[in-house]
Asks: 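Dropping a structure here in structure tokens format, bear with me for questions.
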Amino acid sequence: MHLLWETLTDGVYRCRLTFLDVTVGLVRGTRRNLLIDCGTTLSEATQIADDVVGITGSPVTDVVMTHHHFDHILGSAGFGTAVLHSPAAVARALTTGIGHVRAHALRYGVDPDLLDQAIAGVRAPDHTVTAVDLDLGGRSVHLELPGAGHTDHDLVVVVPPVGADRRTVVFCGDLVEESADPAIDTGSDLPAWPRALDRLLELGGQDALYVPGHGAVVDAPFVRAQRDWLAARTSPG
Ligand SMILES: [Zn+2]
């Protein structure tokens, strides 16, 4: 095993990449293995791909990319013919917008050679998503855009439990962060962000495990507190 994987519930895992502490999620079905986000470089992708075979006995068949930031999408070049799912904005970022993605990654210190190797292999996603359920065999997952926030197209993945007494898992992308304050930049929609988190809480419920794009797994009260922190930043005065 190259990376440290946490088991969140039956067949649902996540690891935290060393570079930028990016979360990569994994949901194992009987027919398909779904990856949620995929890191920045081909070396990260190769380690993830190897580990998925180690954990599940079969390769990644599907990759979901939550939003267009480089650390969540450029590793998609390393998963062969896996089916790629993303919001339309990610498709634009991986094609006509790749120069902007490259510049953003360089500002964060990504090695230029590793960056260009990944960029040479990226392709447009196979499916653009607004809301869909994916059947992985024995379980299905729900993909949805709960509303603008960190970006104008944050996609979340809701994984219902397969057995009694198990917990729903919600992969939040960067709508939720634990290892730092939420990343607000020029592409963020601060006034809308609390509403997106309301929808996220509605999707997951009070007892879900919420997996942030960066940082430790949190619970509904943490998400609610982050929602209130964001709401306070937009309030007058
Ligand atoms: Zn981001």
Side-chain angles (χ1 to χ4, degrees), residues 14-26 35-41 44-45 48 63-78 84-110 114-115 118-119 122 125 128-130 143-158 170-197 199-200 203-204 210-218 222-223 226-227 229-230 233-234:
R14 66 86 78 126
C15 72
R16 296 166 69 168
L17 299 180
T18 305
F19 182 58
L20 299 179
D21 189 19
V22 185
T23 283
V24 174
L26 169 64
L35 203 69
I36 298 135
D37 286 335
C38 45
T40 306
T41 64
E44 286 175 328
I48 295 164
V63 179
V64 173
M65 291 171 272
T66 59
H67 65 290
H68 68 181
H69 288 152
F70 68 91
D71 48 325
H72 300 257
I73 63 173
L74 292 180
S76 63
L84 307 181
H85 311 260
S86 79
V90 171
R92 289 194 293 276
L94 287 171
T95 53
T96 54
I98 198 69
H100 180 77
V101 174
R102 185 179 188 278
H104 190 207
L106 287 173
R107 288 201 297 278
Y108 275 81
V110 180
L114 297 180
L115 181 58
I119 286 173
V122 296
T128 56
V129 177
T130 51
L143 279 48
E144 181 174 320
L145 298 165
H150 172 66
T151 67
D152 64 2
H153 61 272
D154 303 284
L155 183 66
V156 301
V157 180
V158 182
V170 183
F171 289 93
C172 308
D174 286 357
L175 280 174
V176 177
E177 292 203 36
E178 186 277 336
S179 49
D181 287 337
I184 304 164
D185 66 20
T186 53
S188 302
D189 188 335
L190 191 53
W193 199 331
R195 287 195 299 278
L197 293 186
R199 175 61 182 155
L200 193 69
L203 286 166
Y210 291 86
V211 188
H214 304 266
V217 175
V218 299
F222 181 97
V223 175
Q226 196 151 84
R227 177 221 178 276
W229 183 88
L230 288 158
R233 290 179 67 96
T234 55

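We number each residue from 1, following the sequence as shown. When reading the values below, keep in mind they use all heavy atoms of this one structure, side chains included, and skip hydrogens, waters and symmetry mates. Remember, it's 1-based here, ligands and their atoms both numbered in the order they're listed.
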Asks: Would you check if the Zn ion (ligand 1) lies under 2.8 Å from any N, O or S atom of Asp71?
Replies: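 False for Asp71.
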
Asks: Give the atom name of whichever N/O/S atom in His69 sits closest to the Zn ion (ligand 1).
Replies: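 This residue's closest N, O or S atom turns out to be ND1.
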
Asks: If I consider every N, O or S atom in His67, which one ends up closest to the Zn ion (ligand 1)? I only need its name.
Replies: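 Atom name of the closest N, O or S in His67: NE2.
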
Asks: Around Arg199, counting heavy atoms of other residues, nucleotides and ligands shown, do more than 12 lie under 6.0 Å from its CZ?
Replies: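 Counting neighbours around CZ of Arg199, more than 12 heavy atoms of other residues, nucleotides or ligands fall under 6.0 Å, so yes.
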
Asks: Report yes if the side chains of Tyr108 and Asp71 come closer than 4.5 Å at any heavy-atom pair, otherwise no.
Replies: no

Asks: Is the backbone of Arg227 close enough, under 3.5 Å, to the side chain of Trp193 for a donor and an acceptor to pair up by distance?
Replies: no

Asks: By atom name, which N, O or S atom belonging to Asp174 lies closest to the Zn ion (ligand 1)?
Replies: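 Restricting Asp174 to its N, O and S atoms, the minimum distance to the Zn ion (ligand 1) goes to OD2.
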
Asks: At less than 2.8 Å, would any N/O/S atom of His72, backbone or side chain, sit next to the Zn ion (ligand 1)?
Replies: no

Asks: Please determine, by modelled atom types, if His69 and His150 share a side-chain donor-acceptor pair under 3.5 angstrom.
Replies: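 Yes - a donor-acceptor pair under 3.5 Å links their side chains.
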
Asks: Counting C-beta onward and ignoring hydrogens, is there a side-chain heavy-atom pair between Met65 and Asp37 closer than 4.5 Å?
Replies: yes

